[in-house]
Amino acid sequence: MQSLSEEAVLNIPASKAWSMYRDDKLISKINPDMLSGAEYIKGDGGPGSLRVFKLGPAVHSYVKESTQKIEKVVEGQSVTYEVIGGELKDMYNFYRVTFSFLPVPGKEDEQCIAEWKSEYEPLSATTPPPEKAPDAAIGFLKSFEKFGLC
């Protein structure tokens, strides 16, 4: 199993970032060039739920759509899901992502650490690692700041 991770400090509280990430209508408005739509097609966001992400034009060269099965939720902090459909499933036998939003100690009401982690197993030795994914994920999460201040 291979992995990648990236993190950034956001100038919004973890609770706000968490609620933005979990809200389909809101997350689709944050940065439509990167994520044009999100929809829970089964469940309410808890373990076992299915969520479809429709990616925007900024990442179409990489992925257009991803169907995810939510595996684990630490309420208010993190969500872990496995990709079960879309272009990533055509490249990787296994692709799991965790998004976390953790308060910055002493600045809990102002900042959080947004973290993206991926574990993956390529379908073949010629499948490249998802090198663009960390930058795309963190770039999207940084969009939360501007949107959250509106």
Side-chain angles (χ1 to χ4, degrees), residues 1-41 44-47 49-89 91-92 94-120 122 127-150:
M1 187 82 47
Q2 298 177 47
S3 64
L4 292 169
S5 65
E6 191 68 53
E7 67 179 42
V9 174
L10 303 182
N11 291 312
I12 60 173
S15 59
K16 186 164 192 166
W18 173 257
S19 65
M20 291 168 71
Y21 180 82
R22 303 287 285 166
D23 184 319
D24 282 350
K25 288 182 175 52
L26 191 58
I27 198 170
S28 300
K29 295 176 183 176
I30 293 171
N31 187 338
D33 282 343
M34 295 188 85
L35 179 68
S36 63
E39 178 184 0
Y40 289 106
I41 56 174
D44 60 1
S49 296
L50 298 179
R51 192 178 198 190
V52 175
F53 278 162
K54 294 183 188 296
L55 287 297
V59 290
H60 269 187
S61 64
Y62 184 59
V63 177
K64 292 180 183 170
E65 186 172 293
S66 173
T67 303
Q68 305 143 359
K69 181 177 182 184
I70 296 173
E71 295 181 332
K72 180 180 176 186
V73 176
V74 178
E75 195 61 44
Q77 290 186 1
S78 69
V79 60
T80 300
Y81 62 81
E82 181 180 346
V83 173
I84 61 168
E87 289 89 353
L88 290 174
K89 196 64 181 161
M91 296 184 285
Y92 302 98
F94 177 82
Y95 197 93
R96 176 184 292 141
V97 172
T98 300
F99 280 99
S100 301
F101 303 97
L102 307 169
V104 171
K107 296 185 178 184
E108 294 87 350
D109 295 334
E110 303 166 33
Q111 294 181 321
C112 70
I113 298 168
E115 187 176 74
W116 174 90
K117 291 181 187 177
S118 172
E119 298 172 286
Y120 59 94
T127 302
E131 293 174 344
K132 295 179 183 179
D135 288 342
I138 292 300
F140 180 70
L141 293 174
K142 285 183 177 181
S143 301
F144 281 40
E145 286 181 322
K146 291 178 188 162
F147 195 86
L149 299 174
C150 296

Under 4.0 Å between a Lys/Arg side-chain N and an Asp/Glu carboxylate O for Glu115 and Lys117? yes
With rounding to the nearest 0.5 Å, note down the distance linking CD1 in Ile41 to CG in Leu50. 5.0 Å
Might you confirm whether atom CG of Asp24 has over 12 heavy atoms from other residues, nucleotides or ligands at distances under 6.0 Å? yes
Taking Trp116's backbone N and O only, do any of them form a donor-acceptor pair with Ser5's side chain (distance below 3.5 Å, no angle check)? no
Salt-bridge test for Glu82 and Lys69: reply yes if a basic N is under 4.0 Å from a carboxylate O, no otherwise. no
Contact summary for Met91 and Thr127, nearest pair of heavy atoms: O-CG2, 3.2 Å
Considering only heavy atoms from C-beta outward, does the side chain of Lys72 approach that of Ile70 to under 4.5 Å? no
Taking every non-hydrogen atom, the tightest pair across Pro13 and Glu108: CB-O, 3.7 Å
Looking only at heavy atoms, what is the nearest atom pair of Leu4 and Pro134, with distance? CD1-CG, 4.0 Å
With rounding to the nearest 0.5 angstrom, report the CG to NZ distance, Asn11 to Lys107. 8.5 Å
Using only atom types and a distance under 3.5 Å, with no angle test, would you say the side chain of Glu145 pairs donor to acceptor with the backbone of Ser143? no
Just checking, Arg51 and Tyr21: is the charged tip under 6.0 Å from the six-membered ring centre and within 45° of the axis? yes
Heavy-atom closest pair, residues Val73 and Pro47: CG2-CD, 4.1 Å
Minimum-distance pair of heavy atoms, taken over all atoms of Pro32 and Ile30: CD-C, 3.9 Å
Find out whether Leu35 and Phe53 are in side-chain contact, i.e. whether some heavy atom of one side chain is under 4.5 Å from a heavy atom of the other. yes
Test item: Phe144 and Met20 side chains (from C-beta on) under 4.5 Å apart, heavy atoms: yes
Is the backbone N or O of Lys54 less than 3.5 Å from a side-chain atom of Ser36, with the two atoms forming a donor-acceptor pair by type? yes
Measure the spacing between CD of Glu7 and SG of Cys112 and express it to the nearest 0.5 Å. 11.0 Å
side-chain hydrogen bond (donor to acceptor under 3.5 Å, both in side chains) against Trp18, all qualifying residues, sequence neighbours excluded: Glu75
Hey, what's the ring geometry for Phe101 with Phe99, parallel, tilted or perpendicular (30° and 60° as the breaks)? parallel
Can the ring centres of Tyr120 and Phe94 be said to be less than 6.0 Å apart? no
